[in-house]
Every structure is written in structure tokens, then in C-alpha cells.
Amino acid sequence: MAVTKLFFNTRLKFMMVLAAVAGGVIALRLVDIQVLRHQAYLEMAERNRTQIIYQTAPRGRVFTSDGVAVASNAPSFSFYYLGGNQDPMYLGRLAQDFAPRLHMEPEDILAKLEEGTKTGKAILLAENLSTKSTVALQELRLYYPGVYLIEETKRSYPYGGFASHLLGYIGSMDDHEWRNRDPRLGYRLTSKIGKNGIEKKFEKELKGTDGGVYLEVDYRGRVKSIIQDKKWSAGSDVYLTLDFKLQRAAEEGLKNSKTGRGAAVALDPRTGAVLALASAPAYDPNIFVPYSDEDTPKQSKKINEYNLAIQGIYPPASTFKIITAAAALEYGHLDVNEKIKCPGYYDSGPRVFRCWGKHGPVDLFDGMGHSCDVYFYQVAAQTGSAAIERIEREFMIGRQTGIDLPGEKAGNLYGPTRRARNKTYWFIGDTLNLSIGQGELLFTPLKMAQFAAAIASRGNVYRPYYVEKIVSNQTGKTEVLGKTEILQKADLKPETYDLLFKALKHTVEGGTAARVWIKGLDVYGKTGTAQNPHGEDHGWFMAFAGREGEEPSIALAVFVEFGEGGSSAAGPIARAMLEAYFDLDEPASAKTAGGPQAPERTEEDYQELLTSGEENGSI
């Protein structure tokens with residue numbers, strides 16, 4: 001009896017301890033739920049009670065300096081079914097009626113509807129729909145409760161390939177981009193991001209804050225009501241330094257050139273601001289953001305992203321004669337009034353170097369104006385290659401321009417110093433090739449424009465920049481990015497620049513650059529035809545100009561790949577750019593009336609001489 005009582009008491013105590021432990025665990029759990037992690041569980045419960053249909057925010061726009069939006073947004077709609085109706089006949093009618101409007105098969109729509117009814121969640125039937133399609137969809141909504149249209153935006157480039165290599169394009173994130181995304185920007189798996197150019201470089205600024213429709217659902221996940229329609233916030237706007245008319249003139253000129261391949265760059269020689277930067281062939285970034293319900297032609301998305309303006313490197317040809325002349329003037333080896341006879345060739349001893357014409361006696365101004373090779377052969381022989389190389393370095397030849405764009409190439413400086421470092425010989429033929437911009441010299445079109453701007457500004461080598469400011473659409477705050485920065489000063493004597501200006505103006509008023517003579521402007525220019533061992537020669541044209549009596553306000557370089565002649569291929573493009581920049585719209589007859597006449601033969605005439613066998617030489 002005593003043993004039984006002891007056993008009973010022990011068992012009772014064990015049960016009481018067990019109950020106390022269980023009660024303590026429950027109490028701790030309640031404290032954890034109600035106090036320690038109350039907010040987390042509250043948010044979890046809220047998520048179970050609500051669904052979110054996200055609305056993509058408009059990306060910030062991109063404007064030219066004159067206020068033209070060259071990257072903007074167009075209306076776009078996503079189509080959802082939010083109803084809980086599981087009637088097969090109802091869903092079948094809905095699929096049949098909406099299929100033609102959505103450019104989809106009824107079976108595909110029905111499959112999505114059935115998936116939605118099983119999960120009880122809002123189901124996306126179609127996205128990126130055009131405004132045109134939504135008219136019919138809105139009417140059908142009256143007959144089908146639960147259908148919902150969410151207004152969004154899609155990227156739009158209203159001028160197609162305008163500045164495409166600078167603007168870039170957007171697209172879906174790949175695995176690497178998703179893993180390395182900035183979580184603060186609220187990206188989703190369906191988000192589009194900048195893939196190239198300004199779209200990529202300023203992704204953080206251009207991307208807005210997405211909005212969304214918050215839906216209340218029951219315990220089975222079925223939609224009960226719309227709780228909140230949260231408005232999105234647009235991204236910041238980017239303002240470029242580009243001049244719209246000038247950029248368009250450059251692109252049209254390149255597109256309609258002999259080969260449709262090349263580049264054109266214009267800079268403000270007072271600041272370094274990029275006024276135009278065109279590379280051809282261009283591409284239309286709209287091919288990456290088509291509407292899903294429109295019959296758009298299937299276009300390959302394998303585009304040419306090669307930006308010839310900053311990545312193409314070519315010999316500068318006769319444009320380099322400016323540096324040869326500068327070296328001779330700077331180091332006292334040139335009498336500008338001295339006449340040098342051009343018989344059509346120059347005998348260096350080991351080899352005879354030809355000229356593209358027989359110019360007779362020429363001084364600096366006629367030598368530059370008619371681009372006489374023999375004149376510059378003799379000037380270079382007297383001046384020496386080391387002096388020419390020193391002037392190259394003054395203008396940062398062979399170095400990057402410093403523009404904030406990926407992939408820029410530096411080109412190549414050519415001179416005896418590098419040969420000496422490599423312990424190889426420098427010959428007289430190298431000096432003669434150097435004097436006319438051939439040999440191992442390499443320029444990008446952007447470098448040529450920077451060089452033209454440096455001459456125009458009398459020695460200021462500016463870092464080119466293409467973004468002026470960024471304006472927030474959320475706060476209204478403006479961030480100014482456009483800053484003038486002088487990388488180097490080509491500190492030549494004032495009289496050297498005076499004579500170069502005079503020679504280049506003479507070249508426009510009656511020489512090979514006569515195509516860009518425009519009444520009311522002071523235009524200075526030089527042509528170049530770069531020899532190409534792989535095919536037709538390339539055409540160069542560099543110029544700078546200002547209104548009559550004023551300092552130059554634009555410097556440009558035009559390059560036409562395989563264009564054969566600088567004057568004929570690149571000259572008309574340079575002229576069109578100047579006319580666009582200075583807003584000159586008078587008839588062509590008025591532009592040339594009373595102006596100087598071009599010489600009977602220009603550099604590209606050399607091609608005919610080669611064909612006829614009359615002459616053979618360098619350009």
C-alpha cells in the first residue's frame with residue numbers, strides 16, 4: 001500500500017513537472033510570436049493576405065542640349081485575370097474572345113486561366129501591349145469581370161538609330177547581372193536594364209521606383225478587393241551636350257555616303273563639349289523593346305556595337321600636314337614666303353617619292369591649300385622627324401582623348417623616339433611618310449576632332465564630355481556633370497597659330513577644302529586621303545569654324561571608310577554639319593554665289609591618275 005502511494009506521488013510530481021515545462025515552452029513561444037518577432041510574423045501574415053501586381057516605372061528621359069527627347073517612354077499595358085470564376089464555359093468564352101486581341105492562341109490563354117484558378121492567384125495573360133490593342137480590351141472588360149489592365153511604360157527611341165552608339169539600349173538581365181544587381185533598386189526577374197552606352201552607364205539614375213497594385217485575397221488566395229494603387233516614380237532625366245540638328249546632319253551624311261561607313265565628331269573648341277558623335281552603320285535600339293501584340297518585322301538583334309568614332313584607328317593622311325607645318329614654324333625651319341618647286345616627285349636618294357600632282361612653285365599657303373606632298377617632304381627633311389614628334393606630343397597624339405566611354409583606342413604616335421627605344425633604325429623615308437600622315441601614325445575620328453579643337457583654341461587640348469546635367473524627377477535636384485577640363489596646353493608661339501589659321505583658311509577659300517566655304521562664316525579646314533593596302537582609300541575632313549569675325553565655336557572631323565577622297569567623300573558631310581550647326585537654310589545657289597572656286601584638281605583626282613598611269617605617288 002505504501003509502495004503504491006509512493007509510486008502515485010512520484011508519477012503525479014512527474015506529470016506536474018512535465019506540465020510546467022510544456023507551459024513554459026508555450027509561454028516562450030507566445031513571447032517569441034507576440035513580442036520578439038511580432039513584426040516579422042505580422043508582415044508574413046500580411047503577405048499571405050495580399051498580392052502585388054508590380055508596375056514598371058518609366059525610365060528617365062535623355063535630352064539633347066536643345067531639348068529634344070531622344071530616349072523616352074511609350075504607354076504599355078499588362079493584362080491580368082483576377083477573378084475566381086472556375087466555370088469552364090466562362091473561361092473558354094473569355095479565351096476565345098481575347099485571343100485575337102492579344103495575338104495569342106485560345107488554348108494558350110485557357111491554359112493560363114486554368115493555372116490561375118488552381119492557384120487562386122492573379123494571373124498575367126499578356127504584357128507589353130500597345131495602346132491600340134487596349135481599346136478593344138477595355139470594351140471586352142465590361143463582359144468579363146475579373147479582367148484587369150495595368151498601365152506601364154516601355155522604352156522608346158523616337159528617332160530610331162539617332163546617336164545609337166552613344167545612347168545604347170536596354171534588355172533583360174542575364175544571370176551575371178542578376179547576381180550582381182543593386183538590391184536597393186528593387187529589380188525583379190522581368191526588369192529591363194541598360195546594356196550599353198548611356199543606358200548602361202547611368203542605369204542607377206535612369207531607373208525609376210516601381211509602383212504596384214496591392215490586392216486583398218482570402219485564405220484560398222482569391223482576390224477580394226484592391227487595397228492600394230501605389231504610384232511609380234520616374235527615373236532621372238539625362239541632358240546631353242549633343243546638338244540635335246548637327247547630330248542628325250552627321251548621321252544622314254554618313255548614311256548617304258559612298259560606303260555608308262564612317263564616323264563624324266564635333267566638339268566645342270571653347271569647352272570640349274561633344275556636339276555630335278556619330279558612327280555608321282548605326283542600329284535602331286527599338287528592336288529590343290517591341291510591343292508584344294504588333295506585327296513588327298523580325299529583325300536580327302545581332303547589331304554592330306563597334307563605335308568607329310572612338311575605336312576605329314586609321315592614318316590621318318594629309319590632315320597631319322598641319323603638325324608638320326607647325327613643327328617647321330615653331331623651330332624656325334620655314335620661311336612662309338619661300339617657294340618650293342613641285343615637279344611631281346621628290347628624290348630622297350634611296351627612293352623617289354611621288355606627289356599627286358605637279359604644282360610648280362608653292363609656298364606654305366599654296367602647299368597647304370593644294371596639299372602638295374613635295375612641299376611637305378622638303379619641309380620635313382629640313383625640320384627633322386624629332387621636331388615633328390615633339391609637336392605630336394604637344395597635341396597628345398597617340399594618347400586617349402579622355403572621354404568617359406568604354407573601349408576608346410589611343411591610336412599611335414609615330415616618330416624616331418620609339419624606334420630608338422626598340423633599337424631599330426629610322427630612315428629618311430620614315431620622315432617623309434611621317435610628314436604627310438602615313439606610315440605608322442593612327443588616329444581615331446574623336447582624336448582628329450580633339451586635334452582640330454586644339455588648333456581652333458590655339459593649344460587647349462580639352463577632355464571631351466557629352467553629359468551636361470542630370471535632373472531628378474522625384475526631387476527636382478539638378479546634378480551638373482559637364483565640366484571643362486584642359487588636359488594639356490600645346491604651347492606654340494602665337495605667330496605659329498596665326499600662320500596655321502591663315503593656311504587653313506586659304507585651303508577652304510581656294511584649295512582642296514573649298515567644299516566647306518560658306519558665306520558669312522570663317523571656316524578653316526584640311527582634307528586627307530589615307531592609303532589603305534586592303535582596299536579603297538579612306539577619306540578625312542577636319543575643320544573648325546565660327547561666325548565671321550568671331551572665334552571658332554565648332555571643330556569637327558569626318559571620316560568615310562573606303563571613301564577614296566577626303567574632299568569628295570567627307571567634305572559634303574562636313575559642310576552639311578556646319579550648315580546645321582549655324583542654322584543656315586538658304587538655297588544652295590546663294591551659298592556659293594560669289595565664293596571662291598575649287599581648284600581644277602583635288603586630292604581624290606589622284607585615283608584617276610593611278611588608273612591612267614600618268615603619275616604614281618603618296619597622298
Side-chain angles (χ1 to χ4, degrees), residues 42-61 72-84 98 102 104 109 112-113 115-131 133-134 137-138 141 146-156 169-175 177-195 199 203-218 221-236 288-293 472-474:
L42 184 64
E43 291 176 0
M44 187 183 299
E46 186 67 20
R47 286 196 298 270
N48 290 333
R49 191 177 71 87
T50 62
Q51 291 185 37
I52 303 175
I53 300 176
Y54 288 100
Q55 288 178 289
T56 302
R59 288 177 73 82
R61 296 162 295 177
S72 56
N73 301 284
S76 173
F77 296 86
S78 293
F79 184 51
Y80 286 85
Y81 180 62
L82 312 181
F98 279 96
L102 298 176
M104 296 174 64
I109 296 178
K112 290 186 176 184
L113 291 171
E115 178 187 350
T117 57
K118 288 179 182 178
T119 62
K121 297 184 179 295
I123 190 72
L124 175 64
L125 297 178
E127 60 182 337
N128 197 24
L129 301 172
S130 64
T131 304
S133 294
T134 61
L137 294 175
Q138 290 282 18
R141 283 183 59 202
V147 169
Y148 200 77
L149 281 169
I150 300 291
E151 183 178 1
E152 298 184 298
T153 61
K154 79 173 189 72
R155 199 52 156 170
S156 173
Y169 59 92
I170 68 171
S172 300
M173 284 187 282
D174 57 31
D175 291 341
E177 291 164 335
W178 176 255
R179 288 193 301 269
N180 292 278
R181 71 191 185 282
D182 187 341
R184 296 170 298 178
L185 297 180
Y187 288 111
R188 305 188 308 279
L189 285 172
T190 57
S191 296
K192 300 289 192 295
I193 64 169
K195 292 286 190 173
E199 294 282 22
E203 168 65 24
K204 181 179 178 181
E205 292 80 5
L206 289 168
K207 185 189 183 306
T209 303
D210 293 346
V213 178
Y214 291 74
L215 308 171
E216 183 182 11
V217 297
D218 59 21
R222 304 193 182 281
V223 176
K224 295 175 62 178
S225 64
I226 298 174
I227 300 173
Q228 181 186 7
D229 191 349
K230 184 180 179 182
K231 183 69 174 176
W232 39 251
S233 297
S236 298
F288 295 96
V289 284
Y291 282 115
S292 63
D293 58 322
S472 171
N473 281 307
Q474 298 183 29

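All values derive from a computational prediction rather than experimental measurement.
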Problem - Full working for side chain to side chain contact (heavy atoms under 4.5 Å, CB included) between L206 and E199 - result: CA-CA 7 Å; L206 289 168; E199 294 282 22; 3.5 Å; yes

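- The backbone N or O of P290 sits less than 3.5 Å from a side-chain atom of N128, completing a donor-acceptor pair.
- Minimum heavy-atom separation, S233 to A57: O-CB, 3.4 Å.
- Note that K154 lies in the cation-pi zone of Y291, set by a 6.0 Å cut-off to the ring centre and a 45° limit from the axis.
- Side-chain atoms of K112 come within 3.5 Å of backbone atoms of L125 as a donor-acceptor pair (strictly under, hydrogens ignored).
- One distance of note links OG of S78 with OH of Y54; it measures 14.0 Å at 0.5 Å rounding.
- Residues that satisfy the side chain to side chain donor-acceptor pair (under 3.5 Å) test with N180, not counting sequence neighbours, are H176.
- For I170 against F288, the heavy-atom pair with the smallest separation is O-CB, 3.5 Å.
- Side chain of E152 to main chain of T56: a donor-acceptor pair is present (N/O by atom type, distance under 3.5 Å, no hydrogens or angles).
- The two residues T153 and P58 make their nearest non-hydrogen contact at OG1-CA, 3.3 Å.
- For F98, the ring pair (Phe, Tyr, Trp, His ring centres under 6.0 Å) criterion is met by F79, Y144, not counting sequence neighbours.
- Note: L124 CG to Y81 OH = 15.0 Å, rounded to the nearest 0.5 Å.
- The two residues T131 and T134 make their nearest non-hydrogen contact at O-OG1, 2.6 Å.
- A distance-only check finds no donor-acceptor pair linking the side chain of R59 to the backbone of S72 [under 3.5 Å].
- E177 pairs by the side chain to side chain donor-acceptor pair (under 3.5 Å) definition with K195, not counting sequence neighbours.
- By the 4.5 Å heavy-atom criterion applied to side chains, R188 and D210 are counted as neighbours.
- Here the closest heavy-atom approach between residue R61 and residue N473 is recorded as NH2-OD1, 4.0 Å.
- S472 is linked by a side chain to side chain contact (heavy atoms under 4.5 Å, CB included) to S236, Q474, T475, counting only residues two or more places apart in sequence or in another chain.
- Every side chain to side chain contact (heavy atoms under 4.5 Å, CB included) that D182 has, sequence neighbours left out, goes to R184, L185.
- Legend: residues meeting salt bridge (charged side-chain N to carboxylate O under 4.0 Å, His left out) with D174, ordered by chain and number and at least two apart, are absent.
- Taking CD1 of I150 as the start and CD of Q55 as the end, the distance is 5.0 Å to the nearest 0.5 Å.
- Here W178 contributes atom CH2 and M173 contributes atom CE; the two are 5.0 Å apart, rounded to the nearest 0.5 Å.
- Other residues, nucleotides and ligands place more than 12 heavy atoms under 6.0 Å from the OH atom of Y187.
- No donor-acceptor pair closer than 3.5 Å links the side chain of E151 to the backbone N or O of P75.
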